[in-house]
Structures are given as structure tokens and as C-alpha cells.
Q: 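Before we start, here is the structure in question, set down as C-alpha cells.
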Amino acid sequence: MIDIKRIKDDPQHVIELMARKGCCITEEIEEILALDARRRSLIGSGEQLKAEQNRVTKQIPELKKAGQDASGVMAAMKEISDKIKQSDEQLKAIEEQYRTLMLGLYNLPDEDVAPGGKENNEQVRSFGQPHVFDFTPKNHVDLCTELGLIDYPRGAKLSGSGFWIYRGLGARLEWALLNYFIDTHIADGYELVLLPHMLGYEAGLAAGQFPKFDADVFWLESEENERRRFMLPTAETGLVSLHRDELLKESELPLKYISYSPCYRKEAGSYRADERGMVRGHQFNKVEMVQYTRPEDSDRAFDELVGKAEALVKGLGFHFRTVKLAAGDCSAAMARTFDIEIHIPSMQGYKEVSSVSNARDYQARRGNIRFKREDTGKPEFVNTLNGSGLATSRILPAIVEQNQQADGRVVVPEVLRKYLGGLEIITPAGKK
RNA sequence: GGAGAGAUGGCUGAGCUGGUCUAAGGCGCACGAUUGGAAAUCGUGUGUGGGCUAAUACCCCACCGAGGGUUCGAAUCCCUCUCUCUCCGCCA
């Protein structure tokens with residue numbers, strides 16, 4: 001949620017910032033300001049009535065004690081009571097509209113984030129060079145199939161398109177990646193959290209998934225009157241709700257979490273011919289990093305998360321580039337996002353393997369996550385940040401494609417070998 | 001799945017035959033007194049959200065798990081939901 005004060009102080013600037021994301025919110029802002037004014041006036045008049053009710057009602061037992069007739073006063077209070085009810089009903093309706101509009105607004109991009117979409121993304125740095133082959137490289141779908149790492153047909157048989165099965169060394173390679181990531185994060189002082197994979201609606205609301213993007217997740221069937229649950233689309237959704245409705249101590253910040261979870265996504269209508277194999281599926285594995293910080297620490301935390309994601313990619317021996325996304329390419333809930341992209345030869349291009357974002361106080365406001373500032377004794381909203389560290393589903397294809405040899409074998413990155421019993425090279429099934 | 005009990009401030013815990021609840025007491029915390037210093041003791045204060053504000057000053061409103069109802073008046077009575085605990089059943 002955006003701070004209403006920001007909207008009131010400079011509505012034009014808020015509209016301009018949101019336009020960078022390609023959203024025109026002029027009408028919404030006007031409506032929000034009108035509703036806010038109406039809301040405050042109703043609160044004012046309603047509270048006056050309540051003050052009178054409190055004052056007069058207190059006298060009734062005294063009148064009775066004195067043996068006087070209180071029926072006249074009670075009748076008068078009945079009228080006030082009815083007026084209060086009316087006024088509260090109006091207020092409730094107004095606040096509901098107000099809240100719906102506010103929840104529907106995306107986060108504002110940071111001042112330094114470029115307007116526009118992908119075309120305005122800006123490379124901030126890169127590491128290494130794209131791998132050059134002295135033979136014609138195969139794509140990861142063929143390699144994974146030939147090496148027996150991934151079973152695509154049976155994945156489709158079990159669950160339909162967009163699902164695959166990791167088998168044998170493929171499963172172990174996946175597991176090795178997760179272990180490499182998790183061990184690195186633990187060494188960096190992050191707490192490992194294993195979350196429920198089914199989350200309640202409020203978790204999605206706090207993270208910014210809902211109300212606008214509820215079609216992107218898998219919903220579980222629920223009875224009438226039963227809590228609605230969905231399959232988590234990223235561990236971020238769970239980690240951000242960890243401290244929902246809590247007042248944290250300033251001294252315990254920053255909180256640094258990582259979580260491994262499969263991510264379940266509908267990805268409706270997003271299939272493209274170049275996203276074969278494991279590049280986009282309904283379920284993929286990811287280790288997610290999340291930090292809760294004081295506002296003044298969040299830029300530093302952002303750099304830390306980007307650095308950590310880069311270090312993991314570097315550790316695997318990959319060339320990568322780090323890209324600062326233009327406003328329109330950032331997620332709705334985020335003020336800034338850097339992507340780390342690696343080269344996947346078969347796609348003749350770069351694919352995102354990590355996306356690090358700063359939500360500022362947008363998620364904290366939605367989820368009511370605050371800390372008590374020691375200097376002032378007052379609660380403030382925290383900043384939340386998240387980043388993938390990393391998603392394996394695009395790393396494994398990159399490993400097999402980039403590390404393939406002319407004879408079809410694949411070299412195991414050194415950092416993973418200790419998780420694979422020292423295995424240095426993966427040989428096609430049958431060949432030893 | 002069946003039966004029962006419960007949810008009160010940072011924590012603990014009373015209130016729950018509706019009106020001295022403006023939520024007791026204790027612990028903790030902050031400040032002060034005392035002290036050479038500390039402990040102990042004593043005193044004072046101690047939440048959140050909102051409205052009005054130059055104000056983190058007053059004043060006002062709301063908040064006893066959440067939502068609704070009854071009433072002039074609800075922590076207290078009624079209904080619905082969520083969560084926790086105990087016992088039974090089932091189960092990796």
C-alpha cells in the first residue's frame with residue numbers, strides 16, 4: 001500500500017511516478033482523495049455523537065441511584081444511538097471503497113528508476129564472457145533427455161504440460177544446487193525457514209499478490225465458510241507474512257531469512273516456443289532470500305542481496321549480467337528490481353536466474369509489519385526485500401548447455417561436486 | 001471425525017450475576033529518589049490505531065481473538081468465524 005500522506009502531499013508526483021510503470025492512476029487518485037475527505041468528515045461528526053453518548057450515558061446510573069426518572073434521557077440516547085449506527089454504516093462503506101482502491105494501487109518506483117518497459121532496462125555490470133563452443137552445442141532439453149536427467153514425457157503424463165520429473169543424477173544435481181545455495185546463505189547468517197506450501201488469503205494480500213493477481217496462483221478447493229488457501233507461488237509470499245501484524249524490536253532488525261520451496265504458478269498463456277523444457281513451468285524449485293530492515297538500511301540490504309545472488313552465479317562459473325529494470329518491468333509490488341541474467345546458448349540470449357527487489361514499505365503497510373524505533377518509541381513500517389538465491393530450474397539447463405562437451409558429456413561445476421560424491425562429469429546413460 | 005475448555009495490554013493474570021472498567025494486582029521496562037557504587041526499597045510513568053493540530057502538547061473516538069447482534073450503556077449477554085489446549089478415534 002502506498003502511504004496516503006504521499007498522495008495527499010503531492011498527487012501529481014505520485015501520478016507521474018506511476019506513469020513510469022505504464023499505469024495511469026489519475027482517476028483513482030482523485031477518487032481516493034475525495035473518499036479520504038469524506039471519510040474524515042464522517043469520522044468527525046460520528047465521533048462527536050459518540051462523545052455525547054458516552055457523556056450522557058454515564059449519568060444514567062447516577063440518576064437512577066438518586067431515584068429520578070431516566071426514561072426521557074434514555075429515549076434521547078436511543079435517537080443518538082440510531083444516528084451513530086447510520087453514520088458508522090456510511091463510514092464503513094466509504095472505508096471499504098477507499099481500501100479497495102488503495103490495495104489496487106501498485107507500488108511506486110524509486111525516483112531513479114527509468115520509465116518504460118524492458119527496452120529501457122539498463123545493464124549495470126557484467127561478469128565474464130559468453131561461452132564459446134568449437135562444436136555445435138545441443139539444447140538443454142535434448143541433453144537432459146539423453147543424459148537421463150529429466151523425464152519430460154512422464155512429467156506430462158503425471159500432471160500435464162508444464163511439469164517434468166527430475167530423475168537419478170538429474171534429481172541429485174538439482175538437490176546439489178539447492179544444498180550449495182542453502183549452505184552459502186547459512187554461512188552468511190541467514191535463517192533457513194521451511195514454510196507451508198498452502199497459504200491463507202491474507203498472505204497473498206500482504207505480499208501484493210492479491211487482489212489483482214489472484215488468477216496467477218493455484219487455488220485449493222474450499223468449503224463455504226472455510227479459509228481459502230492457495231499454493232505458494234514463491235517462498236517470498238510466506239516469508240513476508242512471517243511477521244505480519246507484528247511489532248518488531250528495532251534491535252532484532254535486520255531479519256534475514258532464506259527458504260527453499262517449490263513454486264507453483266499457473267503461468268497462464270505465457271508459454272512461448274523458446275521457453276521449452278525447464279525454463280517456465282507450473283512448479284519449479286527456488287531458494288528465496290528475504291530481509292526485513294529499517295527504512296534507512298534497505299538500500300544497503302538491497303546491494304547485499306544482489307551481491308549474494310551474483311556470488312552464487314559466479315561460484316558456478318557462469319558469465320552473467322546484472323540489469324536494472326525499468327519501472328514497467330518491475331513487479332507491481334516493487335519499487336526497484338535488479339535481475340541477474342545468464343546466457344543460455346540454445347536461446348541465443350539471456351535468461352533471468354535471480355530477481356532482487358526492494359518493496360520499501362509497500363508490503364509492510366499491507367501486512368502491518370512494524371518495528372518500534374528506540375529513539376522515538378514510535379512504531380514505523382519496516383522495509384521488505386526479496387531476491388531469488390537462486391531458482392534452480394534455469395540453472396540446471398544452463399549448466400548442461402554451457403558445460404557440455406563435444407562428446408555429449410557434461411562437466412559438473414566444482415562447487416557442486418562435494419554434494420555428488422565427488423562426481424566430476426555426467427555421462428550419457430548406458431555409456432560409462 | 002467426536003466431546004469439552006479457552007483466547008484480556010510487552011508478559012502473567014483478575015474481571016465475565018451488563019453501569020465506580022477510566023481494565024485490578026504482579027512481572028518487565030523507562031525516569032527519579034536513596035547509595036561511594038550497586039542490589040534491595042520507595043515514587044512516577046508506561047500500549048495501538050484514528051480525528052483535530054505547528055506539535056511526538058491538549059482534547060476527543062475506537063480497541064479485551066475477528067466479525068455481527070441485543071441494549072440508553074457490552075471485556076461481561078446472544079450468534080457466526082478463526083486459532084489454541086485437553087480427552088477419544090484415525091493415521092505417516
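Numbered from 1 within each chain, the chains take letters A, B, ... in sequence-line order. Computed from heavy atoms alone, side chains included, the values below leave out hydrogens, waters and symmetry copies.
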Q: Choosing from B:C61, B:G49, B:G51, which nucleotide comes nearest the side chain of A:Lys50?
A: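 The answer is B:C61.
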
Q: So, is A:Arg39 near the phosphate of B:G50, with a side-chain N or O under 4.0 Å from OP1 or OP2?
A: no

Q: Taking the same atom, P, in B:A7 and in B:A66, what whole-Å distance lies between them?
A: 13 Å

Q: What integer number of Å spans the C1' atoms of B:C60 and B:A14?
A: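 These two C1' atoms come out 30 Å apart once rounded.
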
Q: Within the pair A:Arg40 and B:C52, is there a side-chain N or O less than 4.0 Å away from OP1 or OP2?
A: yes

Q: Within the 4.0 Å heavy-atom criterion, would you say A:Lys249 contacts the bases, only the backbone, or no part of the nucleic acid?
A: nothing

Q: I'd like to know if A:Glu47 reaches the base of B:G50 with its side chain, counting only an N/O donor and acceptor under 3.5 Å.
A: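 When only heavy-atom distances are counted, A:Glu47 does reach the base of B:G50 through a donor-acceptor pair under 3.5 Å.
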
Q: Can you figure out which of B:U70, B:G73, B:G19 approaches the side chain of A:Lys85 most closely?
A: B:U70

Q: Taking the minimum atom-to-atom distance to the side chain of A:Arg370, which one of B:C72, B:G49, B:G19 wins?
A: B:G49

Q: Counting only side-chain nitrogens and oxygens, does A:Ser81 get under 4.0 Å of the OP1 or OP2 atom of B:G73?
A: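 Answer yes for this pair, as a side-chain N or O of A:Ser81 is under 4.0 Å from OP1 or OP2.
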
Q: Under 6.0 Å between the ring centres of A:Tyr201 and A:Phe230?
A: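 Centroid distance A:Tyr201-A:Phe230: not below 6.0 Å, so no.
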
Q: Determine the Euclidean distance between corresponding P atoms of B:C52 and B:U71; express it in Å to zero decimal places.
A: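 The answer is 32 Å between these two P atoms.
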
Q: In whole Å, measure the gap between the C1' atoms of B:G6 and B:C81 for me.
A: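 It works out to 16 Å between them.
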
Q: Does NZ or CZ of A:Arg294 come closer than 6.0 Å to the centre of the six-membered ring of A:Phe371, within 45° of the ring's axis?
A: no

Q: Run through RNA chain B and report every stem of 3 or more consecutive Watson-Crick or G-U pairs, distances under 3.5 Å, ordered by first number.
A: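 When the pairs of RNA chain B are grouped into runs of at least three, the stems are B:1-7 with B:82-88, B:10-12 with B:25-27, B:28-33 with B:41-46, B:47-51 with B:59-63, B:65-69 with B:77-81.
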
Q: Counting only distance, no hydrogens or angles, is the base of B:G73 paired donor-acceptor with the side chain of A:Lys58 under 3.5 Å?
A: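 Answer is no: no donor-acceptor pair is held.
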
Q: When we call it a touch if two heavy atoms are under 4.0 Å apart, what does A:Gln48 touch: a base, just sugar-phosphate, or nothing?
A: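 It contacts nothing in the nucleic acid.
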
Q: In whole Å, what is the span from the CD1 atom of A:Ile84 to the P atom of B:C60?
A: 16 Å

Q: For A:Met74, which contact category applies under a 4.0 Å heavy-atom criterion: base, sugar-phosphate, or nothing?
A: base

Q: Quick one: is A:Asn54 getting a side-chain N or O under 4.0 Å of the B:A62 phosphate, OP1 or OP2?
A: yes

Q: Grab the CD1-C1' distance between A:Ile369 and B:U48 for me, whole Å please.
A: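 Checked: the CD1 to C1' distance equals 17 Å.
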
Q: Here's a test of your reading of the structure: between A:Lys64 and A:Ala75, which maps to the more 5' nucleotide of RNA chain B?
A: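 Result of the comparison: A:Lys64.
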
Q: When the P atoms of B:C61 and B:A75 are compared, how many Å lie between them, rounded to an integer?
A: 14 Å

Q: Quick one about A:Glu288 and A:Ser388 (side-chain donor to acceptor, distance below 3.5 Å, no hydrogens or angles considered), yes or no?
A: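 No - no donor-acceptor pair under 3.5 Å links their side chains.
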
Q: Rounded to the nearest Å, what distance is computed from the CD atom of residue A:Glu202 to the C1' atom of nucleotide B:G67?
A: 13 Å

Q: Taking atom P in both B:A74 and B:C63, compute the distance separating them and give it to the nearest angstrom.
A: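 These two P atoms come out 8 Å apart once rounded.
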
Q: Separation of A:Leu42 atom CG from B:G51 atom P, in whole Å?
A: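 Value for this atom pair: 13 Å.
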
Q: Taking the six-membered ring of A:Tyr419 as reference, does the NZ or CZ atom of A:Arg172 fall below 6.0 Å from its centre and within a 45° cone about the axis?
A: no

Q: Please report the distance separating the P of B:G26 from the corresponding atom of B:U41, rounded so that it comes out in whole Å.
A: 12 Å

Q: Is it the case that A:Gln209 and A:Asp214 place a side-chain donor and acceptor less than 3.5 Å from each other?
A: no

Q: Classify the side-chain pair A:Tyr260/A:Asn285 by whether it contains a donor and acceptor separated by less than 3.5 Å.
A: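 The criterion, which ignores hydrogens and geometry beyond distance, is satisfied for A:Asn285 and A:Tyr260.
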
Q: Can a side chain N or O of A:Lys378 be found less than 4.0 Å away from OP1 or OP2 on B:A55?
A: no

Q: Can you tell me if the side-chain N/O atoms of A:Lys78 get under 4.0 Å from OP1 or OP2 in B:U70?
A: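 So the side chain of A:Lys78 is outside the cut-off, no N or O lying under 4.0 Å from OP1 or OP2 of B:U70.
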
Q: B:A62 P sits how many Å from A:Leu91 CG, rounded?
A: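 Value for this atom pair: 13 Å.
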
Q: Could you work out the separation of B:U80 and B:G2 based on their P atoms and round it to a whole Å?
A: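 About 15 Å, rounded to a whole number of Å.
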
Q: Any chance the side chains of A:Gln291 and A:Glu304 put a donor and an acceptor closer than 3.5 Å?
A: yes

Q: Just the rounded figure in Å: distance from P of B:C63 to CG of A:Asp88.
A: 10 Å

Q: May I ask you to check whether A:Tyr257 and A:His243 place their ring centres under 6.0 Å from each other?
A: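 When the ring centroids of A:His243 and A:Tyr257 are compared, they turn out to be within the sub-6.0 Å range.
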
Q: So, A:Phe181 versus A:Trp175, ring centres under 6.0 angstrom or not?
A: no

Q: A:Ile43 has an atom CD1; how far is it from atom C1' of B:U53, in whole Å?
A: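 Answer to the nearest Å: 16 Å.
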
Q: Knowing that exactly one of A:Tyr264, A:Trp164, A:Phe218 qualifies, which makes a ring-ring contact (aromatic ring centres under 6.0 Å, His included) with A:His282?
A: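 So the option named by the test is A:Phe218.
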
Q: Once you round it to whole Å, what is the distance between P of B:G73 and CG of A:Leu49?
A: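 Atom CG in A:Leu49 sits about 13 Å away from atom P in B:G73.
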
Q: Heavy atoms under 4.0 Å, any strand shown: does A:Arg373 hit a base, just sugar-phosphate, or nothing?
A: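 Counting heavy atoms under 4.0 Å across all strands, no contact is made by A:Arg373.
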
